[in-house]
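These values consider heavy atoms only, across backbone and side chains, with no hydrogens, waters or symmetry-generated copies. Chain identifiers are assigned alphabetically (A, B, ...) following the order of the sequence lines, protein sequences preceding nucleic acid strands; residue numbering begins at 1 within each chain.
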2 protein chains.
Amino acid sequence: MDTLGKILVVDDEADILEFISYNLKKEGYEVFTASNGKEALPIAKKMKPDLILLDVMMPVMDGIETCKRIKADSDFNQTYVVFLTARSEDYSEIEGLDAGADDYIAKPIKPKVLVTRLNAILRRKIKEAASPSIKVKDIFIDRESFLIYRGEQKIQLARKEFELLFLLASKPGKVFTRENILEKVWGDEVLVVDRTIDVHIRKIREKLGDEYIGTVKGVGYKFEI
Amino acid sequence: MDTLGKILVVDDEADILEFISYNLKKEGYEVFTASNGKEALPIAKKMKPDLILLDVMMPVMDGIETCKRIKADSDFNQTYVVFLTARSEDYSEIEGLDAGADDYIAKPIKPKVLVTRLNAILRRKIKEAASPSIKVKDIFIDRESFLIYRGEQKIQLARKEFELLFLLASKPGKVFTRENILEKVWGDEVLVVDRTIDVHIRKIREKLGDEYIGTVKGVGYKFEI
DNA sequence: ACAAATTGTTATCTAATTGTTAAGTGTGTT
DNA sequence: AACACACTTAACAATTAGATAACAATTTGT
């Protein structure tokens, strides 16, 4: 089974870290840990977690401060931040939400509550994430109807061609390596020979016109801006 | 402006009732109140609120019990139930979700949180609420009479065929995956083989004509615009 | 209980999609 | 100019998805 998502857990108490980590892994999440805000930031940068679970009270850099920094970084505007607050520090709720946290969970943590809440939050996130349509130059790509328009003209692409074009068009100008493309369009189980991508690119060019997809020799393909 | 929706608030403390009621009315909702579950049920029956805000801890009939009764009543399968839980009673969160609640809000209540959450929930609901009849191209589908017209011509579809066509026609152009269709038309308990859908599609095409339902290979079916 | 209609399953067929191979083309390098 | 490299292109092969028909099971009406 594919992972449900990546979660970074930040707490200074090793046993709590262990406890949360265990429960989330059991549920199917990929879990990273850090024991304070200062440690957490570079890990977050690297691992791009879907959600960060942040203890409010920590030495070195507390949760509020960490949250503020995360929320200020555009790399993380897709990342949810959830606070762990001790029952007694109710005020943190306010401060935390001010700092940009998306939710909070009160200690002591009950595994079922934790997992239920995080599932709910991440489900919401996944739903919000997929942008349904893209417009670049005179090309309009709609995931909902699986249709592509060049201006007024409707263009019919096969499934793989569609996914491939959609990927390239999702970041116009960015070069995608073949490795990149294989991972995103084919998924990592299936193994397909490199030339296959070239052939699909060719088919798309045939149907769309040559001017939209550029080749960067030795690197990969991109949607020309 | 038309009312945003009807909300029934149930809580045994008069001042909380007053406080919530005030804030929701200010936002533009039509608000009814009750001070326990027993009172709430007949009011709910009569007023058909879009959402019921339910305190968990109440004398006479508590929120969990009330929620269960509401959810068991088919009159209310369009009604959302949101729990108000005191911070200290975390367990209720889970019990509440088990009882069929759609969401919960922790006390102490902050007006902004309350209003934001309810807005979000009701927006979702309005979107989901299917209009009783649909007209696309020359097809008219009426949920009330379970009849379909192509122009003047009356067309008789079997129940499943009707539901399937209704689903597709509810978002013309959008491609529904088989998974999608199974979930919406069959419901997730029933397990039916994929090909069954194909066969139903074929029946609909036979009766309606081939031009209305399109196949997107590798994805699913859609109502052609 | 029976007949009729609806709903679901399965097997076969067809066509489109997807993947592979190999020859071709162009560009840059020595 | 000869060569290597990387992509293009065409032809073809393999695979897969969906259409369709025939039939089985289930439900509904009488």
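Once rounded to the nearest 0.5 Å, the distance linking OG1 of B/Thr66 with CG of B/Asp55 reads 10.0 Å.
Under the 6.0 Å distance and 45° angle rule, B/Lys160 does not count as a cation-pi partner of B/Phe162. For the pair A/Lys25 and A/Tyr22, the NZ or CZ position fails the cation-pi test of under 6.0 Å to the six-membered ring centre and within 45 degrees of the ring normal.
Judged by closest nucleotide on DNA chain C, B/Gln156 is the one of B/Asp194 and B/Gln156 placed further toward the 5' end. Along DNA chain D, the nucleotide nearest A/Lys203 and the nucleotide nearest A/Val216 are compared for position; the residue whose nucleotide lies closer to the 5' end is A/Val216.
Between A/Phe140 and A/Tyr149, the ring planes lie tilted relative to each other; the angle falls in the 30° to 60° range.
When the P atom of C/dT6 is taken as reference, atom CD of B/Glu163 falls 14 Å away, rounded to whole Å. Atom CG in A/Asp198 sits roughly 17 Å away from atom P in C/dA23 (whole-Å rounding). If you take CD1 of A/Ile197 and P of D/dT9, they are 17 Å apart, rounded to a whole angstrom. Note: CD1 (A/Ile181) to P (C/dG19) measures 13 Å, nearest angstrom. Atom CG in A/Leu164 sits about 15 Å away from atom P in C/dT17, given to the nearest Å. In this structure, A/Arg205 atom CZ and D/dA10 atom C1' are separated by 16 Å, rounded to whole Å. In this entry the distance linking CD1 of A/Ile201 with P of D/dA10 reads 16 Å, nearest Å. The separation between B/Arg202 atom CZ and C/dT7 atom P is 16 Å, rounded to whole Å.
OP1 and OP2 of C/dT20 both lie 4.0 Å or more from every side-chain N or O belonging to A/Arg195. The side chain of B/Thr215 places no N or O atom within less than 4.0 Å of a non-bridging phosphate oxygen (OP1 or OP2) of D/dA17. Residue A/Trp186 places none of its side-chain N or O atoms closer than 4.0 Å to OP1 or OP2 of C/dT18. The side chain of A/His200 places an N or O atom within less than 4.0 Å of a non-bridging phosphate oxygen (OP1 or OP2) of C/dG19. OP1 or OP2 of D/dT8 lies within a sub-4.0 Å distance of a side-chain N or O belonging to A/Tyr221.
Counting any heavy atom pair closer than 4.0 Å across all strands shown, B/Arg159 reaches sugar-phosphate atoms only and no base atom. Note on B/Thr196: a base of the nucleic acid sits closer than 4.0 angstrom, heavy atoms only. At the heavy-atom level, A/Lys217 lies under 4.0 Å from base atoms of the strands shown.
Nearest nucleotide to the side chain of A/Glu206, out of D/dG18, D/dA10, D/dT20: D/dA10. Taking only side-chain atoms of B/Val199, from C-beta outward, the nucleotide of D/dA21, D/dT9, C/dT7 with the closest atom is D/dA21. Taking only side-chain atoms of A/Arg178, from C-beta outward, the nucleotide of C/dT17, D/dC7, C/dG19 with the closest atom is D/dC7.
The heavy-atom pair separating A/Val31 from A/Ser21 by the smallest distance is CG1-OG, 3.6 Å.
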Item to check | Step-by-step side-chain hydrogen bond (donor to acceptor under 3.5 Å, both in side chains) determination, A/Tyr212 to A/Asp138 | outcome: CA-CA 10 Å; A/Tyr212 297 100; A/Asp138 62 338; 2.7 Å; yes
